[in-house]
Amino acid sequence: MPSTAWDTQEIGSAPAVPAPDGSEVRILCTTERGSMISFALPPGAVSKPVAHRTVDEIWYVVAGAGRVWRRLDADEAVTDLAPGVSLTIPVGTRFQFRNDGAAPLQIVAVTMPPWPGNDEALPGDGPWQATA
């Protein structure tokens with residue numbers, strides 16, 4: 001937690017770490033109730049399919065083009081990703097995403113509660129061969 005009542009983070013100075021799905025994550029601000037990240041997938045890359053144990057996510061696509069597959073119980077869909085698209089990934093949803101464009105796919109996301117660590121993501125199956 002920050003030493004003041006608030007936190008400020010510039011994306012360029014945020015540490016870059018590999019995510020369990022293979023994307024590159026920059027950890028932005030965190031509070032007791034949620035956290036914000038920015039993540040990117042290079043052109044042509046496909047993430048590893050995962051599901052979250054305890055967190056919900058909200059994504060907002062900033063740049064690039066691709067698709068995300070989501071499955072929860074009997075519900076399953078593939079959604080196009082493009083700048084301006086926002087979507088949710090409820091806890092327990094299996095998901096996988098891919099970059100179908102020529103530029104990095106860049107997404108900003110919020111997790112609630114805050115991201116607890118890499119053991120949060122459970123590996124699983126997905127529709128595409130992972131390359132990340």
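From a predicted model like this one, the values you see are computed outputs, not experimental measurements.
When the side-chain contact (heavy atoms from CB on, under 4.5 Å) test is applied to Leu28, the partners found at least two apart in sequence or on another chain are Gln9, Ile11, Ala14, Met36, Ser38. Under the side chain to side chain donor-acceptor pair (under 3.5 Å) criterion, Glu24 pairs with no residue, sequence neighbours left out. When the salt bridge (charged side-chain N to carboxylate O under 4.0 Å, His left out) test is applied to Asp125, the partners found at least two apart in sequence or on another chain are Arg71. Taking Asp75 as the reference, nothing meets the side-chain contact (heavy atoms from CB on, under 4.5 Å) condition, with sequence neighbours excluded. Every salt bridge (charged side-chain N to carboxylate O under 4.0 Å, His left out) that Asp100 has, sequence neighbours left out, goes to Arg67, Arg98. Under the side-chain contact (heavy atoms from CB on, under 4.5 Å) criterion, Val50 pairs with Asp21, Phe95, Ala121, not counting sequence neighbours. Judged as a side-chain contact (heavy atoms from CB on, under 4.5 Å), and not counting sequence neighbours, the contacts of Leu105 are Leu41, Val61, Leu81, Phe97, Asn99, Ile107. Under the salt bridge (charged side-chain N to carboxylate O under 4.0 Å, His left out) criterion, Arg94 pairs with no residue at all, not counting sequence neighbours.
At least one side-chain heavy atom of Gln96 sits under 4.5 Å from a side-chain heavy atom of Trp128.
The stretch residues 34-57 participates, sequence neighbours left out, in no salt bridge (Lys or Arg N to Asp or Glu O under 4.0 Å) pair at all. Applying the ring-ring contact (aromatic ring centres under 6.0 Å, His included) test to residues at least two apart or on different chains, none of the pairs has a partner in residues 17-37. For residues 79-93, the pairs satisfying side chain to side chain donor-acceptor pair (under 3.5 Å) are Arg70-Thr79, with sequence neighbours left out.
Distance CD/Glu32 to OG1/Thr30: 11.5 Å, rounded to 0.5 Å.
Side chain of Ser23 to main chain of Ala40: no donor-acceptor pair is present (N/O by atom type, distance under 3.5 Å, no hydrogens or angles).
Note on Val46: it clusters hydrophobically with Val78, by side-chain heavy-atom contacts below 4.5 Å among ILVMFWY residues. Hydrophobic cluster membership differs between Val62 and Ile27, with clusters built from Ile, Leu, Val, Met, Phe, Trp and Tyr side chains linked at under 4.5 angstrom. In terms of hydrophobic clustering, with Ile, Leu, Val, Met, Phe, Trp and Tyr side chains grouped at heavy-atom distances under 4.5 Å, Trp59 and Val85 are assigned to a common cluster. In the hydrophobic clustering of this structure, Val68 groups with Ile37; members are Ile, Leu, Val, Met, Phe, Trp, Tyr whose side-chain heavy atoms approach within less than 4.5 Å, directly or through other members.
Chaining together hydrophobic side chains whose heavy atoms lie under 4.5 Å apart places Trp115 alongside Val55.
What you find for Ala130 and Ser47 is that their closest heavy atoms are CB-O, 3.5 Å. The shortest non-hydrogen separation linking Pro43 to Ala103 is CG-C, 3.7 Å. Summarising the geometry of Gly22 relative to Ala132, their closest heavy-atom pair is O-CB, 3.7 Å, with the distance given to 0.1 Å.
The closest side-chain donor-acceptor pair between Ser35 and Thr111 falls under 3.5 angstrom.
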